[in-house]
Amino acid sequence: MFENFMETGLWLIPGAPLLAAALLALFGKAFFGERSHQVCIAGITVSLLLSLIVLFSGMKGGHASVSHGDENVEAVSQSHTTLGVGDNGLSAIYKSNGYEWLHVGDLRIGVDIRADAMTAIMLTTVTLVSLLVAIFAGGYMHGDPGYPRFFAAFSLFVFSMCMLVLANNFLLLFVFWEAVGLCSYLLIGFWFTRPSAAAAAKKAFVVNRIGDFGFLLGIFLIWTTFGTLDYEGVLGRPDLIARIAATSPELIYGITILLFIGAMGKSAQFPLHVWLPDAMEGPTPVSALIHAATMVTAGVYMVARCTPLYIHSPEVQVTIATIGGITALVAALIALTQFDLKRVLAYSTVSQLGFMFLALGSAAAGAEFATFAVTAAMFHLFTHAFFKAVLFLSAGSVMHSMGDVIDMRRFGGLKRVMPTTHGCFLAGALALAGFPLLSGFWSKDDIIAALSQATHHETYGTLFFVLWCIALITALLTAFYTFRAYFLTFHGPERFPPEAGHHPHEAPPAMAQPLRVLAFFSLTIGLIVGPTTLFAHYLEKTPGLPAAGEHHLHWDVMLISTVVALGGIGLAYAAYVGSRVQITAWANRMGSMYRWSQERFYLDEIFFALLVLPLRGLAQLCLLFDRYVIDRLLDFIGAVPRWFGRGLQPLQNGLVPSYLLVMFGGLIVMVLLMMQAWAG
């Protein structure tokens with residue numbers, strides 16, 4: 001009975017927001033108008049309720065075994081809905097086939113979806129945060145002429161992300177990977193009449209295509225190596241993966257590094273991170289949606305999903321950890337000096353994504369640590385969604401009240417005029433900073449603990465010790481820049497820009513209620529599922545993850561991270577509340593280092609010089625070659641018949657007697673030729 005329900009229910013999770021998107025695209029402007037948000041909210045609500053059913057049903061475990069052999073994999077692919085037990089004997093898989101999309105030779109690609117423990121966590125996170133952001137957007141976007149178009153694209157975004165998570169094969173994953181990219185282009189460039197928004201949308205789209213090219217090559221290599229693109233046929237065959245890794249390690253290395261290149265673009269890892277801060281040009285709900293629950297988390301999810309491949313390629317895992325560490329530190333250093341509140345939060349997202357990849361890469365310490373490493377990354381993804389969403393939406397509330405001004409140098413002391421926004425932003429800031437017992441504290445501790453375990457590796461121990469130090473430094477910087485933004489915005493004397501009018505206002509109820517809910521989750525969700533290891537035990541049910549060891553609290557890490565978090569908050573208080581004169585003098589003493597951070601290490605300029613200018617030069621050469629070589633050659637070819645025609649032009653004079661004379665001459669020539677032929 002339940003299996004039959006899940007066969008339909010799984011399709012309704014992405015289907016409901018897709019239906020909402022279609023209704024709004026077709027009838028939004030003519031019929032729904034200012035009620036367009038209700039259609040979007042209704043669709044996402046259905047998805048959330050069904051995702052919760054999948055989430056809670058996964059806690060019961062499975063009842064039937066699904067083996068990893070070829071025969072059983074084929075049996076699974078032929079069934080409609082399958083409930084099974086994975087490697088560790090606990091994993092439930094719900095699978096529903098749609099239709100055969102592609103059949104070329106031995107390649108069979110179906111539009112099939114599946115749900116397991118990791119899927120259930122991702123679906124719940126995506127739909128819950130998206131729902132709260134959609135409710136907030138109903139108030140924030142009120143009065144915008146593109147109101148129905150916004151919620152149509154919003155619904156399509158949620159549909160694409162749900163299908164990405166539910167996909168049962170790598171090609172379907174790639175299709176909706178690209179669909180998410182398309183939706184981000186539409187939403188970032190929503191105010192397309194602004195040149196900055198249009199440029200940011202194009203930048204996001206183009207930079208992501210760089211990573212996606214690597215991702216697509218990785219999928220091709222999976223097909224040539226395994227002969228299938230289904231998850232069960234690739235990730236569900238650990239013996240085959242181990243055999244390939246032993247005989248042809250370069251294949252596993254190539255697959256994993258190419259997949260990670262795709263993740264670098266989507267999850268904004270150095271040096272492909274430059275698109276994400278510019279994505280702030282879109283409406284603030286879009287920023288919250290992209291940064292908290294969708295798109296940027298897709299890369300982390302994909303790498304975590306492919307853990308059965310990555311555990312056989314420790315070199316790639318070390319590369320992932322190294323790039324994650326560089327990304328986390330560089331983004332944190334840039335966030336220190338930014339005055340655009342949303343841009344500070346954007347670089348914070350880049351940095352926290354670096355933390356997640358640090359955790360995933362720490363699995364290089366050994367297969368026995370892989371599940372703990374993946375759990376740490378996914379747990380931080382889960383908690384980060386809530387506190388980053390509340391931070392972005394609180395920033396949107398500030399922007400809404402300040403007349404679209406977001407420069408922290410132009411306002412201050414807002415805690416008295418915006419008490420709800422102040423409290424919610426403070427809750428998110430404390431969680432992001434890793435304040436003891438809040439959500440970010442537990443998930444960040446797991447990452448630092450995973451890195452600490454990796455320092456004992458014989459080959460890579462020294463490197464992981466350096467990365468462990470980088471993680472602690474970045475955690476200190478995170479606490480500092482987060483509370484720098486908090487103190488600059490909400491403390492000090494009241495200052496309002498002229499754009500805010502005479503009476504700045506608190507967020508209306510439609511915007512305030514989602515803030516309160518997200519703030520509550522930011523404060524509590526980590527404590528509920530973290531130290532109780534509820535999250536870890538649930539995620540271990542994911543098929544393909546190696547059996548995990550015993551979970552326990554890392555008291556030494558908790559103590560260190562507490563000191564780091566409180567130290568960063570204390571430094572920010574001393575600098576921006578105690579004496580702002582000192583921080584100005586300190587910035588002046590830093591000189592060029594301060595400017596490098598403020599100018600984002602000139603990475604955009606470096607990319608422009610190394611990539612954009614040469615490509616523009618190449619494009620100009622191609623234009624000149626096309627104009628002066630190709631076009632001239634075609635003109636020459638076209639002129640040849642015209643030149644021949646000029647010799648016959650006198651005969652084409654339009655006079656009938658002339659034409660008769662030519663015909664008579666031709667007739668005489670023909671008669672003479674025939675007489676010669678008869679005589680000869």
Side-chain angles (χ1 to χ4, degrees), residues 140 188 190-191 194-197 199-200 203 274 276-288 290-291 331-351 388 390-418 421-422 424-426 428-429 432 477-478 480-507 511 572 575-577 580-581 583-584 586-588 590 594-604:
Y140 187 89
I188 294 170
F190 176 74
W191 288 319
R194 300 180 183 178
S196 58
K203 185 176 182 179
V274 292
L276 190 55
D278 288 359
M280 297 303 96
E281 293 296 334
T284 299
V286 173
S287 303
I290 292 176
H291 286 251
L333 290 172
I334 295 174
L336 289 174
T337 58
Q338 304 302 306
F339 287 99
D340 184 311
L341 179 57
K342 287 175 64 178
R343 198 170 289 274
V344 171
L345 299 177
Y347 278 107
S348 171
T349 299
V350 176
S351 185
K388 188 52 60 70
V390 75
L391 286 171
F392 265 111
L393 295 186
S394 297
S397 178
V398 170
M399 193 174 179
H400 190 266
S401 179
M402 295 296 107
D404 288 339
V405 174
I406 200 64
D407 189 333
M408 293 183 288
R409 292 169 292 190
R410 299 187 59 195
F411 52 73
L414 301 185
K415 67 177 181 179
R416 286 174 287 277
V417 297
M418 304 183 71
T421 301
H422 164 255
C424 294
F425 190 97
L426 178 59
L432 173 59
L477 296 176
T478 301
F480 180 84
Y481 70 65
T482 302
F483 274 84
R484 169 183 175 268
Y486 166 73
F487 290 132
L488 286 175
T489 302
F490 294 101
H491 283 258
E494 289 186 356
R495 293 178 293 114
F496 311 125
E499 294 88 342
H502 297 291
H503 302 287
H505 55 84
E506 177 60 277
M511 295 166 59
Y576 292 96
V577 179
R580 298 196 180 193
V581 177
I583 196 65
T584 303
W586 174 82
N588 292 332
M590 295 297 292
Y594 185 88
R595 287 195 301 274
W596 275 67
S597 171
Q598 198 166 46
E599 296 298 329
R600 297 169 283 178
F601 293 105
Y602 299 97
L603 289 171
D604 282 309

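Just so it is clear, the structure is predicted and the values come from calculations on it, not from any experiment. Residues: numbered from 1 along the sequence shown.
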Checklist entry - So do the side chains of S196 and M280 get within less than 4.5 Å of each other, counting heavy atoms only? => result no
Item to check | Pairwise side-chain contact, R410 with M402, heavy-atom cut-off 4.5 Å (strictly under) | outcome: no
Next on the checklist: Less than 4.5 Å apart, side chain to side chain, heavy atoms only: is that true for V390 and L393?
Outcome noted: no
Next on the checklist: Closer than 4.0 angstrom, basic N to acidic O: yes or no for E494 and R416?
Outcome noted: yes
Item to check | Shortest non-hydrogen contact between D278 and R343, atoms and distance | outcome: OD1-NH1, 3.4 Å
Checklist entry - Nearest heavy-atom pair of I188 and V286: which atoms, and what distance? => result N-CG1, 4.2 Å
Next on the checklist: Do V344 and M408 have side chains that approach each other closer than 4.5 Å (heavy atoms only, starting at C-beta)?
Outcome noted: yes
Checklist entry - Cationic tip of R484 within the cone over F339's six-membered ring, i.e. under 6.0 Å and within 45° of the normal? => result yes
Next on the checklist: Any heavy-atom pair between the side chains of F496 and V405 that's under 4.5 Å?
Outcome noted: no
Next on the checklist: Does anything in residues 395-407 form a side-chain hydrogen bond (donor to acceptor under 3.5 Å, both in side chains)? List the pairs, not counting sequence neighbours.
Outcome noted: S397-T421, D407-R409
Checklist entry - Taking the inter-plane angle between the rings of F425 and F490 on a 0 to 90° scale, is it parallel (under 30°), tilted (30 to 60°) or perpendicular (over 60°)? => result tilted
Next on the checklist: Tell me whether the rings of F480 and Y576 are parallel (<30°), tilted (30 to 60°) or perpendicular (>60°).
Outcome noted: tilted
Next on the checklist: Please check this pair: side chain of T482 against backbone of T478, looking for a donor-acceptor N/O pair closer than 3.5 Å.
Outcome noted: yes
Checklist entry - Are side-chain heavy atoms of T337 and Y481 found at a separation under 4.5 Å? => result no
Checklist entry - Looking at side-chain heavy atoms only, is the closest gap between Y140 and M399 below 4.5 Å? => result yes
Checklist entry - Can you find a heavy atom in the side chain of F392 that is under 4.5 Å from one in the side chain of H291? => result yes
Item to check | Euclidean distance, S287 OG relative to K388 NZ, rounded to 0.5 Å | outcome: 11.5 Å
Item to check | Aromatic plane relationship, F487 with F483 - under 30° parallel, 30 to 60° tilted, over 60° perpendicular | outcome: tilted
